[in-house]
Amino acid sequence: MLDSVRSRLTLWNVGVLSVVLVAFSWGVYALTKRTLSERLDSGLRATLETTVSELPDHSDPQPMDLGLIKESLSELHFPGQDIGVMDEQGRTVAENTSGGAAPLRLPPRPFGPAVAAQFYQWPEATPEGGSNCRGVYRRLPESPAGTVYYVVVTQSLHAMMGPLEVLESSFAAAAVLALLLAGVGGWFLTRRALAPVAAMAESAQRITAENLAERLPVGNPRDELGRLASVFNALLGRLGASFAQQRQFMADASHELRTPVSVMRTASQVTLEKSQRDESEYREALSIIEQQTRRLSRIVEDMFTLARADSGGIAVEATKLYLDELLADATRTAKVLAARKGISLEMVPMSEAPFRGDEGLLRRMFMNLLDNAIKYTPTGGTVKTALEPRDTNYWVSISDTGVGIPREAQAHIFERFFRVDKARTQTAEGSGAGLGLAIARWIATVHQGRLELVRSDGSGTTFLVILPRSGGGKGLTSVH
Ligand code: ADP
């Protein structure tokens, strides 16, 4: 039972309330008792003084006349209080117990020597007893004849204990009632307060990878539970998006891989259908298979790169390098491809550009962009590369005079597996699976830079890579 927050909260509620109630009751009880005792004592003291003043003068040289004393006492009347006179041996010589119950409760011996009033309790040990009382006595000045008398005043504690007992029982009843109310009320209130948690748990139980679109109920979005539900829903949203992205990736990947595989299968099936074939036919089939294998391995490698990039599994090692040299190198490599297609590849003269970055990845980014530029530029066209320092960055531009990218497709070209014209690029030699720009953008980002399409129309396309001159390598030191 204690495993539930509800019962624990209720118990805490009741526990704290009982501590408060006990402390409060005890405080009020003690204060009331003290006030009543003080009032009782001052009443006793006043009676004592009055009695003493009403007694015959003890300085009289004659021995005290007991008759006179008795007479004086009988004339005095104090409601609720008994008065008496006793001698040194503790014997009552005169008393007036009309105010309370006889007999007069005398103080314990030995009596105090002082003339000042002395208080006592009867019986001493059990002040809460049935017939207990409080008393005060005072020694009268010794008479010239040598007799010593004490005046005693007592009062039953019953009058004082009455209100205290009423207080005690009222406190007990109020405490029981308050605790009962706190317990029952707390139990129901916590059930109400925790109802959203139960609803959230129930909804959360239904959520699986298949229905990540479901959301937890948000009661009051401004309270803690509402905020928790909102945060959880946002998490579900992110998870859902990431799941959807992964599913899309899988679907696109299998779709891309299916074509070369089926081309290879068809080529081999057709070739094997006949038991005997010319060498040229075998060669043709093998060349188709080789072409598709090359395409397949490029797609697989690109996918592998992106998958590892996503999981942080690529070791990005920053070294000191010259960006201008790297770009010139990539341009030289691409020149072979360009020449084969009858495209002129120009390199705008550039100044030294020291940089810190991953040489292999940067080369790959430039090659992907150059590859695309050559691929989508018809024979006779021009591809131009340039690098210039601007403010705190290097601007590397790769422009071509190619077919351009349709306006509606421009927003999507950096998405994985996106190709403007699938039919056109699917089988073309060297064509990718629409992963080249996604990889290039990741490489720019990992160097704290960015890759953007700045212009694309019927007259050609320009891609711009912006890299920080301070060295994009600062963030790359982590090697996974
Ligand atoms: P792929 O590896 O298939 O070329 P990319 O991600 O590199 O894929 O490019 C995505 C799409 O962007 C390509 O299918 C192509 O249509 C378009 N594209 C990229 N670069 C150029 C360019 N320089 N000129 C025209 N279209 C381009």
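Because the structure is predicted, anything quoted here is derived from the model rather than measured. Ligands are counted one by one from 1 in listed order, and the atoms in each one are counted from 1 as well.
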Expected output: side-chain [X] to main-chain [Y] donor-acceptor under 3.5 Å:
| X | Y | result |
| --- | --- | --- |
| Asn211 | Glu214 | no |
| Asn393 | Trp395 | no |
| Asp302 | Leu435 | no |

Find all atoms of ligand 1 within a distance of less than 4.0 Å from any non-hydrogen atom belonging to [X], and give their numbers and elements.
| X | result |
| --- | --- |
| Ala373 | 23 (N) |
| Arg419 | 3 (O), 14 (O) |
| Phe418 | 10 (C), 11 (C) |
| Leu435 | 6 (O), 8 (O) |
| Ile405 | 18 (N), 25 (C), 26 (N), 27 (C) |

Any N/O pair Leu437/ligand 1 closer than 3.5 Å
yes

Does the N or O separation between Gly434 and ligand 1 drop below 3.5 Å for any pair?
yes

Which one of Asn372, Ile398, Thr401 has a non-hydrogen atom at the shortest distance from atom 19 (C) of ligand 1?
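Comparing heavy atoms across Asn372, Ile398, Thr401, the nearest one to atom 19 (C) of ligand 1 lies in Asn372.
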
Using the rule given for salt bridge (charged side-chain N to carboxylate O under 4.0 Å, His left out), can you reason through Glu359 versus Arg364, listing the C-alpha separation, both sets of side-chain angles and the distance that settles it, and then say yes or no?
CA-CA 9 Å; Glu359 194 177 329; Arg364 187 157 178 193; over 6 Å; no

Can you tell me how far CG of Leu164 sits from CD of Glu168, rounded to the nearest 0.5 angstrom?
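Taking CD in Glu168 and CG in Leu164, the distance rounds to 7.5 Å.
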
Short side-chain donor-acceptor distance under 3.5 Å, Ser4 and Ser7
yes

Can you find a side-chain donor-acceptor pair between Arg134 and Gln155 that sits under 3.5 Å?
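Side chains of Arg134 and Gln155: no pair found under 3.5 Å.
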
Can Phe414 be said to touch ligand 1, with heavy atoms closer than 4.0 Å?
no

Is Gly402 in contact with ligand 1, taking contact as a heavy-atom separation below 4.0 Å?
no

